[in-house]
Asks: 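Quick one: this structure, given as C-alpha coordinates, is what I'll be asking you about.
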Amino acid sequence: MTVSVENQLITALREALPAAAVLTGDAELTLHSRDSAPFAEAGRPAAVVLPETVEQVRAVLRAARAYGAPVVPQGARTGLAGAANAVDGSVLLSMVRMNHVLEIDPANRLVRCEPGVVTADLAAAVAEHGLCYPPDPASWERCTIGGNIATGAGGLCCVKYGVTADYVLGLTVVLADGEVLRVGRRTVKGVAGYDLTRLFVGSEGTLGVIVEATLTLRPPPPPALALLARFASASEAGEAVAAIIGAGHLPSALELLDRTTTGAVAAFGHPLLAGEAAATLIVASDAPDAADEVRAMARLCRGAKALSVTAAADQEQSRQVLDARRMVLPALTAHACTLSGEVTAFIEDVAVPRAQLTALIDRIELIADEYGLYISTVGHAGDGNLHPTVVFDRSDPDAVRRAKEAYDAIMAAGLELGGTITGEHGVGTLKRDWLARELPPRSLRLHRDLKRLLDPDGILNPGKVLV
(Lines give C-alpha, C1' and ligand atoms only; values in the text may rest on other atoms or scores of the structure.)
Protein backbone atom coordinates (compact mmCIF):
# COMPACT_ATOMS: atom_id res chain seq x y z
CA MET A 1 0.00 0.00 0.00
CA THR A 2 1.42 3.39 -1.01
CA VAL A 3 1.58 6.31 1.38
CA SER A 4 -1.11 8.08 -0.65
CA VAL A 5 -3.53 5.14 -0.46
CA GLU A 6 -2.81 4.68 3.24
CA ASN A 7 -3.63 8.35 3.85
CA GLN A 8 -6.88 7.98 1.91
CA LEU A 9 -7.75 4.92 3.98
CA ILE A 10 -7.13 6.79 7.25
CA THR A 11 -9.24 9.71 6.02
CA ALA A 12 -12.09 7.31 5.20
CA LEU A 13 -11.84 5.71 8.63
CA ARG A 14 -11.93 9.11 10.37
CA GLU A 15 -15.01 10.08 8.38
CA ALA A 16 -16.78 6.88 9.44
CA LEU A 17 -15.78 6.74 13.13
CA PRO A 18 -15.47 9.21 16.02
CA ALA A 19 -12.12 10.98 16.13
CA ALA A 20 -11.03 9.17 19.30
CA ALA A 21 -11.69 5.80 17.66
CA VAL A 22 -8.90 6.09 15.05
CA LEU A 23 -5.33 5.96 16.34
CA THR A 24 -2.27 6.51 14.13
CA GLY A 25 0.47 7.60 16.54
CA ASP A 26 3.64 5.54 16.69
CA ALA A 27 3.13 4.64 20.35
CA GLU A 28 -0.42 3.39 19.77
CA LEU A 29 0.56 1.42 16.67
CA THR A 30 3.45 -0.22 18.50
CA LEU A 31 1.33 -1.03 21.55
CA HIS A 32 -1.32 -2.81 19.48
CA SER A 33 0.97 -4.44 16.94
CA ARG A 34 1.28 -7.87 18.55
CA ASP A 35 -0.18 -10.35 20.99
CA SER A 36 1.72 -12.35 23.64
CA ALA A 37 3.47 -14.85 21.35
CA PRO A 38 7.27 -14.32 21.55
CA PHE A 39 8.30 -15.86 18.22
CA ALA A 40 5.52 -14.64 15.91
CA GLU A 41 6.38 -11.86 13.49
CA ALA A 42 4.44 -8.57 13.46
CA GLY A 43 4.14 -5.99 10.70
CA ARG A 44 3.61 -2.23 10.72
CA PRO A 45 -0.11 -1.30 10.83
CA ALA A 46 -1.62 1.75 9.19
CA ALA A 47 -4.08 2.45 12.00
CA VAL A 48 -5.77 1.13 15.10
CA VAL A 49 -9.55 1.53 15.20
CA LEU A 50 -11.75 1.04 18.26
CA PRO A 51 -15.39 0.79 17.17
CA GLU A 52 -18.27 0.92 19.64
CA THR A 53 -21.12 -0.26 17.41
CA VAL A 54 -21.83 -2.87 14.77
CA GLU A 55 -22.35 -0.13 12.20
CA GLN A 56 -18.89 1.22 12.90
CA VAL A 57 -17.41 -2.25 12.39
CA ARG A 58 -19.25 -2.49 9.08
CA ALA A 59 -17.86 0.89 8.04
CA VAL A 60 -14.32 -0.22 8.85
CA LEU A 61 -14.69 -3.37 6.75
CA ARG A 62 -16.12 -1.43 3.81
CA ALA A 63 -13.31 1.13 3.92
CA ALA A 64 -10.65 -1.53 4.21
CA ARG A 65 -12.09 -3.46 1.30
CA ALA A 66 -12.31 -0.33 -0.85
CA TYR A 67 -8.61 0.40 -0.34
CA GLY A 68 -7.39 -3.21 -0.27
CA ALA A 69 -6.21 -2.97 3.34
CA PRO A 70 -5.86 -6.04 5.57
CA VAL A 71 -8.02 -6.08 8.72
CA VAL A 72 -6.71 -7.75 11.88
CA PRO A 73 -9.37 -8.25 14.59
CA GLN A 74 -8.07 -7.96 18.14
CA GLY A 75 -9.28 -8.43 21.70
CA ALA A 76 -7.07 -8.13 24.76
CA ARG A 77 -4.04 -9.50 22.84
CA THR A 78 -3.43 -12.22 25.42
CA GLY A 79 -3.21 -14.85 22.65
CA LEU A 80 -0.12 -17.00 22.33
CA ALA A 81 -0.04 -17.82 18.62
CA GLY A 82 0.36 -14.47 16.85
CA ALA A 83 -3.23 -14.42 15.56
CA ALA A 84 -3.70 -10.77 16.60
CA ASN A 85 -0.35 -9.55 15.23
CA ALA A 86 -0.32 -6.69 12.76
CA VAL A 87 0.20 -7.15 9.03
CA ASP A 88 1.98 -4.38 7.09
CA GLY A 89 -0.50 -1.66 6.14
CA SER A 90 -3.29 -3.25 8.16
CA VAL A 91 -6.18 -1.83 10.11
CA LEU A 92 -6.04 -3.22 13.64
CA LEU A 93 -9.69 -3.67 14.58
CA SER A 94 -9.67 -3.60 18.38
CA MET A 95 -13.02 -4.74 19.79
CA VAL A 96 -12.36 -3.81 23.42
CA ARG A 97 -14.84 -0.90 23.47
CA MET A 98 -17.70 -3.19 22.45
CA ASN A 99 -17.85 -4.50 25.99
CA HIS A 100 -21.49 -4.63 27.04
CA VAL A 101 -23.49 -7.52 28.43
CA LEU A 102 -26.70 -7.12 26.40
CA GLU A 103 -29.01 -9.65 28.00
CA ILE A 104 -29.03 -12.22 30.77
CA ASP A 105 -31.92 -14.69 30.47
CA PRO A 106 -32.10 -16.87 33.61
CA ALA A 107 -35.17 -18.77 32.39
CA ASN A 108 -33.35 -20.00 29.30
CA ARG A 109 -29.89 -19.96 30.90
CA LEU A 110 -28.25 -17.82 28.27
CA VAL A 111 -26.44 -14.53 27.95
CA ARG A 112 -25.90 -12.20 24.99
CA CYS A 113 -22.83 -10.02 25.00
CA GLU A 114 -20.47 -8.01 22.84
CA PRO A 115 -17.03 -9.42 22.01
CA GLY A 116 -15.02 -7.02 24.18
CA VAL A 117 -16.53 -8.24 27.46
CA VAL A 118 -13.77 -9.59 29.71
CA THR A 119 -14.35 -13.24 30.58
CA ALA A 120 -14.14 -12.70 34.35
CA ASP A 121 -16.58 -9.78 34.11
CA LEU A 122 -19.08 -11.94 32.24
CA ALA A 123 -18.75 -14.67 34.86
CA ALA A 124 -19.38 -12.11 37.62
CA ALA A 125 -22.39 -10.63 35.82
CA VAL A 126 -24.18 -13.97 35.36
CA ALA A 127 -23.28 -15.03 38.91
CA GLU A 128 -25.50 -12.20 40.18
CA HIS A 129 -28.38 -14.11 38.58
CA GLY A 130 -27.42 -17.41 40.16
CA LEU A 131 -25.78 -18.73 36.99
CA CYS A 132 -22.31 -19.80 35.90
CA TYR A 133 -20.21 -19.37 32.75
CA PRO A 134 -17.65 -22.20 33.21
CA PRO A 135 -14.86 -21.60 30.60
CA ASP A 136 -11.83 -20.27 32.48
CA PRO A 137 -8.74 -19.62 30.32
CA ALA A 138 -5.63 -18.85 32.34
CA SER A 139 -5.89 -15.18 31.33
CA TRP A 140 -9.62 -14.99 32.15
CA GLU A 141 -9.21 -11.82 34.21
CA ARG A 142 -7.96 -10.01 31.07
CA CYS A 143 -8.98 -11.94 27.95
CA THR A 144 -12.22 -11.18 26.13
CA ILE A 145 -15.15 -13.34 25.07
CA GLY A 146 -14.56 -12.48 21.40
CA GLY A 147 -10.93 -13.57 21.65
CA ASN A 148 -11.93 -16.75 23.48
CA ILE A 149 -14.37 -17.63 20.70
CA ALA A 150 -11.97 -16.68 17.90
CA THR A 151 -9.20 -18.91 19.27
CA GLY A 152 -11.36 -21.72 20.70
CA ALA A 153 -10.00 -21.13 24.21
CA GLY A 154 -10.03 -23.76 26.95
CA GLY A 155 -9.14 -23.67 30.64
CA LEU A 156 -8.66 -25.70 33.79
CA CYS A 157 -12.26 -26.91 33.97
CA CYS A 158 -12.27 -28.43 30.47
CA VAL A 159 -12.11 -32.01 31.72
CA LYS A 160 -15.62 -31.73 33.18
CA TYR A 161 -17.20 -28.64 31.71
CA GLY A 162 -15.78 -28.43 28.20
CA VAL A 163 -14.24 -25.57 26.23
CA THR A 164 -15.53 -22.24 24.93
CA ALA A 165 -16.99 -23.84 21.80
CA ASP A 166 -19.34 -25.93 23.95
CA TYR A 167 -21.04 -22.75 25.22
CA VAL A 168 -21.56 -20.83 21.98
CA LEU A 169 -25.20 -21.00 20.86
CA GLY A 170 -25.11 -18.24 18.27
CA LEU A 171 -23.01 -15.44 16.81
CA THR A 172 -23.45 -12.20 14.92
CA VAL A 173 -20.58 -11.74 12.50
CA VAL A 174 -19.61 -8.96 10.11
CA LEU A 175 -18.27 -10.47 6.91
CA ALA A 176 -15.46 -9.10 4.75
CA ASP A 177 -17.87 -7.08 2.57
CA GLY A 178 -19.51 -5.44 5.60
CA GLU A 179 -22.60 -7.64 5.53
CA VAL A 180 -24.00 -8.78 8.89
CA LEU A 181 -24.54 -12.53 9.28
CA ARG A 182 -26.38 -14.15 12.19
CA VAL A 183 -25.73 -17.82 12.80
CA GLY A 184 -26.88 -20.24 15.48
CA ARG A 185 -29.89 -20.02 17.76
CA ARG A 186 -31.26 -19.36 21.24
CA THR A 187 -32.79 -22.79 21.71
CA VAL A 188 -31.13 -25.63 23.63
CA LYS A 189 -31.48 -27.94 20.63
CA GLY A 190 -31.26 -27.14 16.93
CA VAL A 191 -29.90 -28.96 13.89
CA ALA A 192 -31.41 -26.94 11.04
CA GLY A 193 -28.80 -26.54 8.31
CA TYR A 194 -25.05 -26.68 8.52
CA ASP A 195 -23.44 -25.72 11.82
CA LEU A 196 -22.08 -22.36 10.71
CA THR A 197 -21.61 -21.26 14.31
CA ARG A 198 -18.87 -23.82 14.86
CA LEU A 199 -17.28 -22.70 11.58
CA PHE A 200 -16.58 -19.27 13.07
CA VAL A 201 -15.51 -20.58 16.49
CA GLY A 202 -11.74 -20.98 16.33
CA SER A 203 -11.44 -19.19 12.96
CA GLU A 204 -9.15 -16.51 14.47
CA GLY A 205 -10.70 -13.58 12.59
CA THR A 206 -9.97 -15.05 9.16
CA LEU A 207 -13.63 -15.56 8.14
CA GLY A 208 -15.48 -12.69 9.83
CA VAL A 209 -15.51 -10.30 12.76
CA ILE A 210 -17.56 -11.45 15.77
CA VAL A 211 -19.70 -8.56 17.08
CA GLU A 212 -22.12 -10.44 19.35
CA ALA A 213 -22.31 -13.84 21.02
CA THR A 214 -25.15 -15.83 22.55
CA LEU A 215 -23.74 -18.16 25.19
CA THR A 216 -25.31 -20.91 27.24
CA LEU A 217 -24.99 -20.92 31.03
CA ARG A 218 -25.13 -23.47 33.83
CA PRO A 219 -26.17 -23.51 37.46
CA PRO A 220 -23.17 -22.76 39.67
CA PRO A 221 -21.25 -25.85 40.83
CA PRO A 222 -20.86 -26.52 44.54
CA PRO A 223 -17.48 -25.78 46.17
CA ALA A 224 -14.79 -28.26 45.16
CA LEU A 225 -12.59 -30.45 47.31
CA ALA A 226 -9.11 -31.31 46.08
CA LEU A 227 -6.22 -33.68 46.52
CA LEU A 228 -2.52 -33.50 45.70
CA ALA A 229 -0.47 -36.61 44.96
CA ARG A 230 3.31 -36.81 44.44
CA PHE A 231 4.87 -39.51 42.27
CA ALA A 232 8.37 -40.78 41.59
CA SER A 233 7.77 -40.65 37.83
CA ALA A 234 5.47 -39.06 35.29
CA SER A 235 4.53 -42.56 34.11
CA GLU A 236 3.13 -43.45 37.55
CA ALA A 237 1.22 -40.16 37.63
CA GLY A 238 -0.16 -41.11 34.22
CA GLU A 239 -1.26 -44.46 35.61
CA ALA A 240 -3.18 -42.60 38.30
CA VAL A 241 -4.88 -40.45 35.66
CA ALA A 242 -5.86 -43.56 33.70
CA ALA A 243 -7.18 -45.21 36.86
CA ILE A 244 -9.28 -42.16 37.79
CA ILE A 245 -10.83 -41.84 34.34
CA GLY A 246 -11.19 -45.61 33.93
CA ALA A 247 -13.08 -45.89 37.22
CA GLY A 248 -15.70 -43.46 35.91
CA HIS A 249 -14.78 -40.43 38.00
CA LEU A 250 -15.41 -36.99 36.51
CA PRO A 251 -13.12 -34.53 38.30
CA SER A 252 -13.65 -30.80 37.88
CA ALA A 253 -9.87 -30.39 37.50
CA LEU A 254 -7.11 -32.89 36.76
CA GLU A 255 -3.75 -31.18 36.43
CA LEU A 256 -0.26 -32.67 36.10
CA LEU A 257 3.03 -30.91 36.92
CA ASP A 258 6.24 -32.48 35.64
CA ARG A 259 9.52 -32.78 37.56
CA THR A 260 10.78 -29.32 36.58
CA THR A 261 7.51 -27.58 37.42
CA THR A 262 7.18 -29.42 40.73
CA GLY A 263 10.68 -28.30 41.65
CA ALA A 264 9.95 -24.67 40.73
CA VAL A 265 6.77 -24.55 42.80
CA ALA A 266 8.53 -26.26 45.72
CA ALA A 267 11.34 -23.71 45.54
CA PHE A 268 8.73 -20.95 45.49
CA GLY A 269 7.60 -22.19 48.89
CA HIS A 270 4.57 -24.43 48.51
CA PRO A 271 4.65 -26.67 51.61
CA LEU A 272 3.03 -29.73 50.04
CA LEU A 273 5.75 -30.06 47.40
CA ALA A 274 8.80 -30.07 49.66
CA GLY A 275 11.17 -32.96 49.07
CA GLU A 276 12.00 -35.03 46.01
CA ALA A 277 9.29 -35.82 43.46
CA ALA A 278 9.21 -36.22 39.71
CA ALA A 279 5.57 -35.37 39.13
CA THR A 280 2.58 -33.89 40.92
CA LEU A 281 -1.07 -34.61 40.26
CA ILE A 282 -3.76 -32.17 41.40
CA VAL A 283 -7.33 -33.42 41.33
CA ALA A 284 -10.55 -31.62 42.29
CA SER A 285 -14.18 -32.67 42.51
CA ASP A 286 -17.28 -30.49 42.77
CA ALA A 287 -19.67 -33.43 42.75
CA PRO A 288 -22.47 -33.49 45.36
CA ASP A 289 -20.51 -36.25 47.13
CA ALA A 290 -17.16 -34.53 46.64
CA ALA A 291 -15.65 -35.89 49.88
CA ASP A 292 -16.38 -39.49 48.83
CA GLU A 293 -15.05 -38.79 45.32
CA VAL A 294 -11.81 -37.33 46.64
CA ARG A 295 -11.27 -40.26 48.99
CA ALA A 296 -11.87 -42.74 46.15
CA MET A 297 -9.49 -40.92 43.80
CA ALA A 298 -6.89 -40.71 46.58
CA ARG A 299 -7.03 -44.51 46.90
CA LEU A 300 -6.43 -44.84 43.15
CA CYS A 301 -3.40 -42.53 43.41
CA ARG A 302 -1.98 -44.67 46.21
CA GLY A 303 -2.59 -47.74 44.06
CA ALA A 304 -0.50 -46.06 41.34
CA LYS A 305 2.44 -45.86 43.81
CA ALA A 306 2.05 -42.25 44.87
CA LEU A 307 4.83 -41.18 47.24
CA SER A 308 2.31 -39.13 49.20
CA VAL A 309 -1.32 -38.11 48.92
CA THR A 310 -2.88 -35.08 50.58
CA ALA A 311 -6.69 -35.17 50.45
CA ALA A 312 -8.36 -31.95 51.56
CA ALA A 313 -11.08 -32.22 54.17
CA ASP A 314 -12.40 -28.67 53.80
CA GLN A 315 -12.31 -25.58 51.61
CA GLU A 316 -9.21 -24.10 53.23
CA GLN A 317 -7.19 -27.26 52.64
CA SER A 318 -8.53 -27.41 49.08
CA ARG A 319 -7.39 -23.84 48.51
CA GLN A 320 -3.89 -24.80 49.61
CA VAL A 321 -3.87 -27.77 47.23
CA LEU A 322 -5.13 -25.74 44.28
CA ASP A 323 -2.62 -23.00 45.06
CA ALA A 324 0.09 -25.39 43.85
CA ARG A 325 -1.38 -25.08 40.34
CA ARG A 326 -1.94 -21.34 40.59
CA MET A 327 1.65 -20.83 41.72
CA VAL A 328 3.16 -22.31 38.54
CA LEU A 329 3.48 -19.03 36.64
CA PRO A 330 4.84 -16.96 39.56
CA ALA A 331 7.22 -19.81 40.41
CA LEU A 332 8.57 -19.85 36.85
CA THR A 333 8.84 -16.06 36.92
CA ALA A 334 10.84 -16.28 40.14
CA HIS A 335 13.13 -18.87 38.55
CA ALA A 336 13.61 -16.67 35.49
CA CYS A 337 14.69 -13.82 37.75
CA THR A 338 17.65 -15.91 38.88
CA LEU A 339 18.95 -16.19 35.31
CA SER A 340 21.06 -13.69 33.39
CA GLY A 341 20.16 -11.92 30.16
CA GLU A 342 16.75 -10.92 28.77
CA VAL A 343 14.90 -13.95 30.03
CA THR A 344 11.48 -14.72 28.59
CA ALA A 345 9.09 -17.65 28.70
CA PHE A 346 7.31 -19.25 25.78
CA ILE A 347 4.15 -21.15 26.79
CA GLU A 348 3.47 -23.94 24.31
CA ASP A 349 0.25 -25.86 23.67
CA VAL A 350 0.01 -29.41 22.36
CA ALA A 351 -2.53 -32.18 22.98
CA VAL A 352 -2.28 -35.96 22.68
CA PRO A 353 -4.60 -38.85 23.52
CA ARG A 354 -4.70 -39.29 27.30
CA ALA A 355 -2.93 -42.63 27.03
CA GLN A 356 0.06 -40.85 25.44
CA LEU A 357 0.28 -38.05 27.99
CA THR A 358 3.22 -39.36 29.98
CA ALA A 359 5.02 -40.45 26.80
CA LEU A 360 4.91 -36.83 25.64
CA ILE A 361 6.16 -35.60 29.01
CA ASP A 362 9.09 -38.01 28.78
CA ARG A 363 9.84 -36.79 25.23
CA ILE A 364 9.76 -33.17 26.37
CA GLU A 365 12.29 -33.93 29.13
CA LEU A 366 14.59 -35.48 26.51
CA ILE A 367 14.13 -32.44 24.26
CA ALA A 368 15.06 -30.14 27.15
CA ASP A 369 18.26 -32.12 27.71
CA GLU A 370 19.09 -32.25 24.00
CA TYR A 371 18.79 -28.49 23.51
CA GLY A 372 20.12 -27.47 26.91
CA LEU A 373 16.95 -25.61 27.89
CA TYR A 374 14.82 -25.16 30.98
CA ILE A 375 11.41 -26.51 29.97
CA SER A 376 8.61 -26.73 32.53
CA THR A 377 5.57 -28.80 31.56
CA VAL A 378 2.16 -28.48 33.14
CA GLY A 379 -0.97 -29.90 31.63
CA HIS A 380 -4.64 -30.62 31.73
CA ALA A 381 -4.13 -34.34 32.28
CA GLY A 382 -7.84 -35.04 32.01
CA ASP A 383 -7.89 -34.14 28.32
CA GLY A 384 -4.27 -34.73 27.30
CA ASN A 385 -3.46 -31.05 26.78
CA LEU A 386 0.09 -30.08 27.83
CA HIS A 387 1.70 -26.64 28.13
CA PRO A 388 5.49 -26.93 27.96
CA THR A 389 7.01 -23.58 28.94
CA VAL A 390 10.42 -22.85 27.45
CA VAL A 391 12.49 -20.34 29.44
CA PHE A 392 15.36 -18.75 27.49
CA ASP A 393 17.46 -15.62 27.00
CA ARG A 394 16.04 -13.76 24.01
CA SER A 395 19.17 -11.58 23.80
CA ASP A 396 21.25 -14.68 23.03
CA PRO A 397 20.87 -15.72 19.35
CA ASP A 398 21.98 -19.26 20.14
CA ALA A 399 19.42 -19.58 22.94
CA VAL A 400 16.69 -18.28 20.61
CA ARG A 401 17.73 -20.80 17.95
CA ARG A 402 17.66 -23.67 20.45
CA ALA A 403 14.27 -22.56 21.78
CA LYS A 404 12.78 -22.50 18.27
CA GLU A 405 14.23 -25.92 17.45
CA ALA A 406 12.92 -27.32 20.72
CA TYR A 407 9.48 -25.92 19.87
CA ASP A 408 9.55 -27.75 16.53
CA ALA A 409 10.68 -30.94 18.23
CA ILE A 410 7.77 -30.74 20.69
CA MET A 411 5.29 -30.20 17.85
CA ALA A 412 6.71 -33.16 15.97
CA ALA A 413 6.53 -35.36 19.06
CA GLY A 414 2.90 -34.45 19.61
CA LEU A 415 1.94 -35.41 16.06
CA GLU A 416 3.95 -38.63 16.21
CA LEU A 417 1.98 -39.63 19.32
CA GLY A 418 -1.32 -39.15 17.52
CA GLY A 419 -1.99 -35.67 18.86
CA THR A 420 -2.65 -32.17 17.59
CA ILE A 421 -0.51 -29.04 17.43
CA THR A 422 -2.91 -26.98 19.54
CA GLY A 423 -5.51 -27.80 22.14
CA GLU A 424 -6.64 -24.27 23.04
CA HIS A 425 -4.22 -21.53 21.93
CA GLY A 426 -5.00 -21.58 18.22
CA VAL A 427 -2.79 -21.50 15.13
CA GLY A 428 -2.12 -17.85 14.26
CA THR A 429 1.19 -17.41 12.47
CA LEU A 430 3.18 -19.47 14.93
CA LYS A 431 1.71 -22.82 13.91
CA ARG A 432 0.43 -22.34 10.37
CA ASP A 433 3.25 -24.42 8.88
CA TRP A 434 2.52 -27.15 11.42
CA LEU A 435 -1.19 -27.05 10.61
CA ALA A 436 -0.28 -27.88 7.03
CA ARG A 437 1.56 -30.96 8.37
CA GLU A 438 -1.30 -32.03 10.62
CA LEU A 439 -4.19 -31.72 8.15
CA PRO A 440 -4.62 -34.13 5.23
CA PRO A 441 -4.17 -32.38 1.85
CA ARG A 442 -7.88 -32.52 0.96
CA SER A 443 -8.85 -31.03 4.30
CA LEU A 444 -6.31 -28.25 3.86
CA ARG A 445 -7.72 -27.45 0.41
CA LEU A 446 -11.22 -27.29 1.87
CA HIS A 447 -10.02 -24.85 4.52
CA ARG A 448 -8.61 -22.61 1.78
CA ASP A 449 -11.80 -22.91 -0.28
CA LEU A 450 -13.91 -21.78 2.68
CA LYS A 451 -11.57 -18.85 3.29
CA ARG A 452 -11.89 -17.72 -0.35
CA LEU A 453 -15.68 -18.10 -0.28
CA LEU A 454 -16.16 -15.87 2.76
CA ASP A 455 -13.22 -13.51 2.13
CA PRO A 456 -12.62 -13.44 -1.65
CA ASP A 457 -10.30 -10.44 -1.46
CA GLY A 458 -8.25 -11.96 1.34
CA ILE A 459 -8.42 -8.93 3.65
CA LEU A 460 -9.44 -10.67 6.89
CA ASN A 461 -6.38 -11.46 9.01
CA PRO A 462 -4.27 -12.59 6.04
CA GLY A 463 -1.34 -14.89 6.72
CA LYS A 464 -2.96 -16.34 9.83
CA VAL A 465 -3.92 -20.02 10.26
CA LEU A 466 -3.38 -20.98 6.59
CA VAL A 467 -0.14 -20.86 4.64
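Along the sequence shown, residues are numbered consecutively beginning with 1. The structure displayed is predicted, hence computed values, not measured ones.
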Asks: Please assess Thr377 against Thr389 for the test side chain to side chain contact (heavy atoms under 4.5 Å, CB included), listing each intermediate value before the final yes or no.
Replies: CA-CA 6 Å; Thr377 300; Thr389 299; over 6 Å; no

Asks: May I have the step-by-step check of salt bridge (charged side-chain N to carboxylate O under 4.0 Å, His left out) for Arg401 and Asp396, ending in yes or no?
Replies: CA-CA 9 Å; Arg401 175 192 61 78; Asp396 179 353; over 6 Å; no

Asks: Measure the CG-OG1 distance between Leu169 and Thr197 for me, rounded to the nearest 0.5 Å.
Replies: 8.5 Å

Asks: How close do Val126 and Ala123 get, heavy atom to heavy atom, and via which atoms?
Replies: CG2-O, 3.4 Å

Asks: Salt bridge (charged side-chain N to carboxylate O under 4.0 Å, His left out), that's the test. Do Glu41 and Arg432 meet it? Break it down for me.
Replies: CA-CA 12 Å; Glu41 67 272 16; Arg432 61 190 175 191; 2.9 Å; yes

Asks: Please find out if less than 6.0 Å separates the ring center of Phe346 from that of Tyr407.
Replies: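 Between Tyr407 and Phe346, which both carry aromatic rings, the centre distance is below 6.0 Å.
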
Asks: Quick one, Ile245 with Leu254, criterion side chain to side chain contact (heavy atoms under 4.5 Å, CB included). Give me CA distance, side-chain angles, the key distance, then yes/no.
Replies: CA-CA 10 Å; Ile245 299 299; Leu254 186 53; 4.1 Å; yes

Asks: Quick one: closest heavy-atom pair of Ala336 and Val391, and the distance?
Replies: CB-CG1, 4.4 Å

Asks: Is it the case that the side chains of Thr119 and Asn148 hold a donor-acceptor pair, with the cut-off being a distance below 3.5 Å and no angle test?
Replies: yes

Asks: Find the distance between OG1 (Thr172) and CD1 (Ile210) and round it off to the nearest 0.5 Å.
Replies: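 One gets 10.0 Å once the value is rounded to the nearest 0.5 Å.
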
Asks: I'd like to know whether His100 forms a side chain to side chain donor-acceptor pair (under 3.5 Å) with Glu212, so could you lay out the CA-CA distance, the side-chain angles of the two residues, the decisive distance to 0.1 Å, and finally the verdict.
Replies: CA-CA 10 Å; His100 298 95; Glu212 185 183 308; over 6 Å; no

Asks: Would Asp408 and Arg437 pass as an ion pair if we require N to O under 4.0 Å?
Replies: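 Salt bridge absent between Asp408 and Arg437.
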
Asks: Test Glu293 against His249 for side chain to side chain donor-acceptor pair (under 3.5 Å), laying out the working first.
Replies: CA-CA 8 Å; Glu293 283 284 295; His249 297 288; 3.0 Å; yes

Asks: Could you tell me whether Arg182 atom CZ has more than 12 heavy atoms of other residues or ligands within 6.0 Å of it?
Replies: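 Atom CZ in Arg182 is not crowded, with 12 or fewer foreign heavy atoms closer than 6.0 Å.
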
Asks: What is the distance from atom CG of Leu272 to atom CG of Asp323, rounded to the nearest 0.5 Å?
Replies: 9.5 Å

Asks: Do Arg186 and Asp105 pass the side chain to side chain contact (heavy atoms under 4.5 Å, CB included) test, and can you show the C-alpha distance, the side-chain angles, and the key distance before you say yes or no?
Replies: CA-CA 10 Å; Arg186 290 174 63 99; Asp105 182 349; 3.4 Å; yes

Asks: Would you please test Thr422 and Asp349 for side chain to side chain donor-acceptor pair (under 3.5 Å) and show each step?
Replies: CA-CA 5 Å; Thr422 177; Asp349 169 43; 2.5 Å; yes

Asks: Let me see the working for Val467 and Asp433 under side chain to side chain contact (heavy atoms under 4.5 Å, CB included), right down to the final yes or no.
Replies: CA-CA 6 Å; Val467 178; Asp433 292 337; 3.5 Å; yes

Asks: So, taking the atom named CG in Leu300 and the one named CZ in Arg302, what distance separates them when rounded to the nearest 0.5 Å?
Replies: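 Between atom CG of Leu300 and atom CZ of Arg302 there are 10.0 Å.
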
Asks: Would Ser308 and Arg230 count as a side chain to side chain donor-acceptor pair (under 3.5 Å) here? Give the steps.
Replies: CA-CA 5 Å; Ser308 67; Arg230 298 166 58 243; 3.2 Å; yes

Asks: Under a 4.0 Å threshold between the charged nitrogen and the carboxylate oxygen, would Arg319 count as salt-bridged to Glu316?
Replies: yes

Asks: Side chains of Ile282 and Leu322: closer than 4.5 Å at any heavy-atom pair?
Replies: yes

Asks: With the threshold set at 4.0 Å, does a side-chain nitrogen-carboxylate oxygen contact exist between Glu204 and Lys464?
Replies: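 Salt bridge absent between Glu204 and Lys464.
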
Asks: I need the minimum non-hydrogen distance between Met297 and Pro251, along with the two atoms involved.
Replies: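 Heavy-atom minimum between the residues: SD-CB, 4.3 Å.
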
Asks: For Arg112, I'd like to know if atom CZ has over 12 heavy atoms of other residues, nucleotides or ligands within 6.0 Å.
Replies: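 Yes.
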
Asks: Please give me the minimum heavy-atom distance between Ser33 and Ala42, naming the atom from each residue.
Replies: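 Looks like O-CB, 3.5 Å.
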
Asks: Rounded to the nearest 0.5 Å, how far does CG of Asp314 lie from CD of Gln320?
Replies: 10.0 Å

Asks: Just how far is it from atom SG of Cys301 to atom CD1 of Ile244, taken to the nearest 0.5 Å?
Replies: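 Here the rounded value is 4.5 Å.
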
Asks: Does Val72 reach the side chain of Asn85, with side-chain heavy atoms less than 4.5 Å apart?
Replies: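 Result no, sub-4.5 Å side-chain heavy-atom pair not found.
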
Asks: If a pair satisfies side chain to side chain donor-acceptor pair (under 3.5 Å) and one of its residues is in residues 252-270, list it, with sequence neighbours excluded.
Replies: Glu255-Arg325, Glu255-His380, Asp258-Thr261, Thr261-Ser376, Thr262-Thr280

Asks: Are Asp398 and Arg402 ion-paired here, with the side-chain N under 4.0 Å from a carboxylate O?
Replies: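 Looking at Arg402 together with Asp398, the answer is yes, because their closest N to O distance falls below 4.0 Å.
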
Asks: Side chains of residues 360-375: which donor-acceptor partners sit under 3.5 Å, not counting sequence neighbours?
Replies:
from, atom 1, to, atom 2, distance (Å)
Arg363, NH2, Glu416, OE1, 2.6

Asks: Assign the ring pair Tyr167 / Tyr133 to parallel, tilted or perpendicular, where the plane angle (0 to 90°) is split at 30° and 60°.
Replies: perpendicular

